[in-house]
Amino acid sequence: MDARQAVAVDDDGGAAVRLPRPGSPRAVKLSGELRSPLVTPQGRLLAVGLDFNRCTVAVWDVTASRAVTRLPGNFRPVLRCGQATEFVFNPQFTPDGRFLLTQDETGLRRWDARGGRLLRALPGSFLNLSVSREWGWLTVTSGEGRLNIYRLPEN
């Protein structure tokens, strides 16, 4: 993640391991499945927790082993909870950890990562989402085969 530390999520997504340089690794086990680990500039480890039993999405402060906020809304159509099919849901934090970007078959959304409030939504079918941490760019592939590149917001 940076020159001081790295983060890994295990195969089933249930634990995040923080690998400081130097120091001993620290594993944190949480309920649900973790995605998109990020070490913020303040040194906090954030991740997105998917709870398929409750069909909810939460932002976790893995460093403190607690949920920071839960995102509102019905995630059942997107996550397909209780079904054995694949889903398209790709959450990514902005480099500073202030915003969470989610992409799925119903739209592209920007959330306040601390409060869970939906800030902006762009309807459509989006297949892929990538955030350039060094340059502040957001790359999105749509279901129509288009590649869109956006500058990440400053606020």
Approximate separation, where rounding is to 0.5 Å, of Leu119 CG and Arg110 CZ: 5.5 Å
From CG (Leu100) to CG (Leu71), nearest 0.5 Å: 6.0 Å
Flag side-chain contact, heavy atom, 4.5 Å: Glu33 against Phe52: yes
pair Arg120-Arg109: side-chain heavy atoms closer than 4.5 Å: no
Pairs meeting criterion disulfide bond (SG atoms under 2.5 Å apart) with involvement of residues 44-82, two or more places apart: Cys55-Cys81
Nearest-0.5 Å distance, CZ of residue Arg54 to CZ of residue Arg70: 6.5 Å
Flag side-chain contact, heavy atom, 4.5 Å: Trp111 against Thr102: yes
Within-4.5 Å side-chain heavy-atom neighbours: Phe75 and Thr56: no
Derivation and outcome, side-chain contact (heavy atoms from CB on, under 4.5 Å), residues Arg35 and Leu50: CA-CA 8 Å; Arg35 298 273 176 96; Leu50 305 180; 3.9 Å; yes
Heavy-atom closest pair, residues Leu34 and Ala47: CD2-CB, 4.0 Å
Within-4.5 Å side-chain heavy-atom neighbours: Thr40 and Leu46: yes
Non-hydrogen side-chain atoms of Val48 and Phe93 separated by less than 4.5 Å: yes
Validation row: Leu101, Thr94 side chains within 4.5 angstrom (heavy atoms): yes
Taking every non-hydrogen atom, the tightest pair across Asp61 and Arg44: OD2-NH2, 2.9 Å
Residues forming a side chain to side chain contact (heavy atoms under 4.5 Å, CB included) with Asn53, sequence neighbours excluded: Asp51
Minimum-distance pair of heavy atoms, taken over all atoms of Gly97 and Ala113: O-CB, 3.4 Å
With Thr69 via side chain to side chain contact (heavy atoms under 4.5 Å, CB included) - residues at least two apart: Val59
Ser36 side chain vs Pro91 backbone, donor-acceptor pair below 3.5 Å: yes
